[in-house]
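Heads up, the thing below is written out as structure tokens.
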Amino acid sequence: AQSVTQPDIHITVSEGASLELRCNYSYGATPYLFWYVQSPGQGLQLLLKYFSGDTLVQGIKGFEAEFKRSQSSFNLRKPSVHWSDAAEYFCAVGGSSGGYNKLIFGAGTRLAVHP
Amino acid sequence: GAVVSQHPSWVICKSGTSVKIECRSLDFQATTMFWYRQFPKQSLMLMATSNEGSKATYEQGVEKDKFLINHASLTLSTLTVTSAHPEDSSFYICSARDWTDRDTQYFGPGTRLTVL
């Protein structure tokens, strides 16, 4: 079955600290992988995406993610977190297997940033 | 990146009335748009896939007569919540698929619906 798991429901970090949000997926075909961020009461903003090629992808706002096929993971990282990064982060997988390239979302990880 | 708008951003209506929500892709054409529903502190639940010029495809458990979807042009899809009830109160988000960008979905800002 196709699924996305974000093991951490809630994470708290100090401003300036590094961050890693975990994402594991199960997908029957070649996956397209995405990270989105959602601020309270807002829609989702695309942070980065992976389709093929270099397994380390750079995104907006200083985020990066690494695709590891052997671990079925696509973890999101940021070397130094800013207070404005506090938000909900969603990992999603899509691709040709889903029909109309539907996305399957993880449950999300809520990030809190301490000053 | 591609921009998707939604209107209205919030709406309050009386029980039994109908509400229409618009989703527009502003700088690209979208043959496919998606409608999601999000409950507080939860992930997104896909309601339906909207295809330009054809009938929408609804996910299991979503009442198609309750949530009417029309995708009349390559930049506009509408979701009409008919005979709304308080349990329909939710945050509705649309996304548009950019076929020129490997089918990446870009999301609108969402619409908060409150049914009294």
Side-chain angles (χ1 to χ4, degrees), chain A residues 1-10 21 23 25 29-53 57-61 63 87-112, chain B residues 1-7 9-10 21 23-26 30-52 54-60 71 90-114:
Chain A
Q2 302 165 3
S3 65
V4 176
T5 302
Q6 293 181 246
D8 305 305
I9 297 173
H10 192 273
L21 302 182
C23 173
Y25 68 90
T30 301
Y32 294 167
L33 295 158
F34 307 85
W35 275 100
Y36 290 89
V37 61
Q38 183 181 34
S39 297
Q42 301 295 315
L44 275 67
Q45 181 182 23
L46 179 66
L47 283 177
L48 47 77
K49 56 192 175 183
Y50 172 79
F51 296 121
S52 64
V57 294
Q58 303 296 321
I60 62 171
K61 303 184 179 185
F63 286 94
E88 187 89 22
Y89 291 80
F90 293 98
C91 179
V93 63
S96 59
S97 177
Y100 293 110
N101 290 316
K102 290 192 289 188
L103 289 178
I104 300 167
F105 282 90
T109 297
R110 183 169 297 275
L111 173 67
Chain B
V3 181
V4 176
S5 70
Q6 267 183 257
H7 179 78
S9 55
W10 59 271
I21 303 171
C23 178
R24 294 181 184 272
S25 56
L26 298 185
T31 56
T32 303
M33 293 184 176
F34 301 87
W35 287 96
Y36 296 84
R37 185 171 179 176
Q38 186 178 34
F39 294 100
K41 298 186 178 181
Q42 293 189 26
S43 189
L44 282 73
M45 181 191 79
L46 179 64
M47 299 174 64
T49 302
S50 170
N51 299 295
E52 188 268 336
S54 64
K55 291 182 178 180
T57 303
Y58 291 83
E59 295 298 302
Q60 191 172 6
H71 194 153
S90 192
F91 193 56
Y92 293 87
I93 307 176
C94 74
S95 71
R97 191 182 74 181
D98 186 351
W99 66 271
T100 67
D101 188 9
R102 300 251 194 146
D103 293 336
T104 299
Q105 287 188 33
Y106 291 94
F107 286 79
T111 296
R112 171 74 58 193
L113 170 63
T114 301

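Each chain gets a letter, A, B and so on, in the order its sequence line appears, and its residues count up from 1. Just so you know, these numbers use all the heavy atoms, side chains as well, and skip hydrogens, waters and symmetry mates.
- Contact of A/Leu44 with chain B is made through backbone and side chain together, with heavy-atom distances under 4.5 Å.
- Contacts of B/Tyr58 classified as ring-ring contact (aromatic ring centres under 6.0 Å, His included), with partners at least two apart in sequence or in another chain: none.
- In this structure, A/Tyr32 has its ring center closer than 6.0 angstrom to the ring center of A/Phe51.
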| request: Using the side-chain hydrogen bond (donor to acceptor under 3.5 Å, both in side chains) rule, take B/Gln105 and A/Lys102 through it: C-alpha gap first, then chi angles, then the decisive distance, then the call. | output: CA-CA 9 Å; B/Gln105 287 188 33; A/Lys102 290 192 289 188; over 6 Å; no
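- Looking at A/Gln38, the atoms closer than 4.5 Å to chain B (heavy atoms on both sides) all sit in the side chain, from C-beta outward.
- Ring centroid separation for the pair B/Phe107 and B/Tyr36 comes in under the 6.0 Å cut-off.
- Using a 4.5 Å cut-off between heavy atoms, B/Gln38 touches chain A through its side chain atoms alone.
- Heavy atoms closer than 4.5 Å to chain A are found nowhere in B/Thr31, neither backbone nor side chain.
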